[in-house]
Amino acid sequence: MSIEDKELIESRFGPLWSGKAEIAFRGGVRTLRDVKRALDLAGEDVMTIDLRELPGEKFAFRYYDGDDRRIVVLVCDAEGGILEEFRAHIAEWLGELYYETGALAYDADAMLHLLRKKSEEGGTPGGEADRC
């Protein structure tokens, strides 16, 4: 993994939390909770970040995988099938702060809180993660 993974995610899908909590899709609405449930991402360490509408009846779903300690982006088609997956370690966003956290690195809530705070300091408004 390299900083290029973070840059790819942000250049293609925008800064973290720059998407939406729900998107209009195929005449209805898709919410973070709906997508998480449809993808069967039920773990306690799966914390949603945002949704982004994409051309061609596709959307991107971003979340933090606390078990793997990575930001994940799933690009899905209209039926919810996964077309692409991107992963980048949270240390790419937190830098040295990640390594200074010690055992907190295994606490998904703490890591997402640090990530949200760092994003806000960088000018990106931090949204609320959804654990449901």
Nearest-0.5 Å distance that lies between atom CG in Leu94 and atom NZ in Lys6: 10.0 Å
Side chain proximity check, Glu10 to Glu92, heavy atoms < 4.5 angstrom: no
4.5 Å side-chain heavy-atom contact, Phe13 and Ile49: no
Check: Thr48/Arg62 side-chain N/O donor and acceptor closer than 3.5 Å: no
Evaluation steps, side-chain contact (heavy atoms from CB on, under 4.5 Å), between Arg69 and Met111: CA-CA 8 Å; Arg69 294 184 303 283; Met111 288 295 95; 5.5 Å; no
Over all atoms of both residues, closest heavy-atom pair of Asp34 and Val29: OD2-O, 4.0 Å
Backbone N/O of Val46 and side chain of Lys36: donor-acceptor pair under 3.5 Å: yes
Ring centres under 6.0 angstrom apart (Phe61, Phe59): no
Considering all heavy atoms, the nearest Leu51-Ala21 contact: CD1-O, 3.8 Å
Reported CZ-to-CG distance for the pair Arg37 and Leu32, which is rounded to 0.5 angstrom: 11.5 Å
Gap separating the CG atom of Leu114 from the CD1 atom of Ile90, nearest 0.5 angstrom: 7.5 Å
Residues Arg33, Glu22: salt bridge by 4.0 Å N-O rule: no
Closest heavy-atom pair and its distance - Arg30, Asp77: NH1-O, 4.1 Å
For Ala88 against Asp5, the heavy-atom pair lying closest together: CB-CB, 3.7 Å
Distance (rounded to the nearest 0.5 Å) between Leu54 CG and Ile23 CD1: 8.0 Å
Side chain proximity check, Lys58 to Leu83, heavy atoms < 4.5 angstrom: yes
Atom of Ala60, atom of Val73 and distance for their closest heavy-atom approach: CB-CG1, 4.1 Å
Nearest atoms (heavy-atom pairs only) where Cys76 meets Ile82: SG-CG1, 4.3 Å
Glu121 bridged to Arg116 by N-O distance under 4.0 Å: no
Arg87/Asp65 ion pair, N-O < 4.0 Å: yes
Verdict with reasoning, Leu74 to Tyr63, per side-chain contact (heavy atoms from CB on, under 4.5 Å): CA-CA 9 Å; Leu74 300 176; Tyr63 67 95; 3.9 Å; yes
Test item: Tyr64 and Val72 side chains (from C-beta on) under 4.5 Å apart, heavy atoms: no
List, one per line, each side-chain donor-acceptor pair under 3.5 Å for residues 100-108, sequence neighbours excluded.
unit_1: Thr101; atom_1: OG1; unit_2: Tyr98; atom_2: O; d: 2.6
unit_1: Asp107; atom_1: OD1; unit_2: Asp109; atom_2: N; d: 3.0
unit_1: Asp107; atom_1: OD1; unit_2: Ala110; atom_2: N; d: 3.1

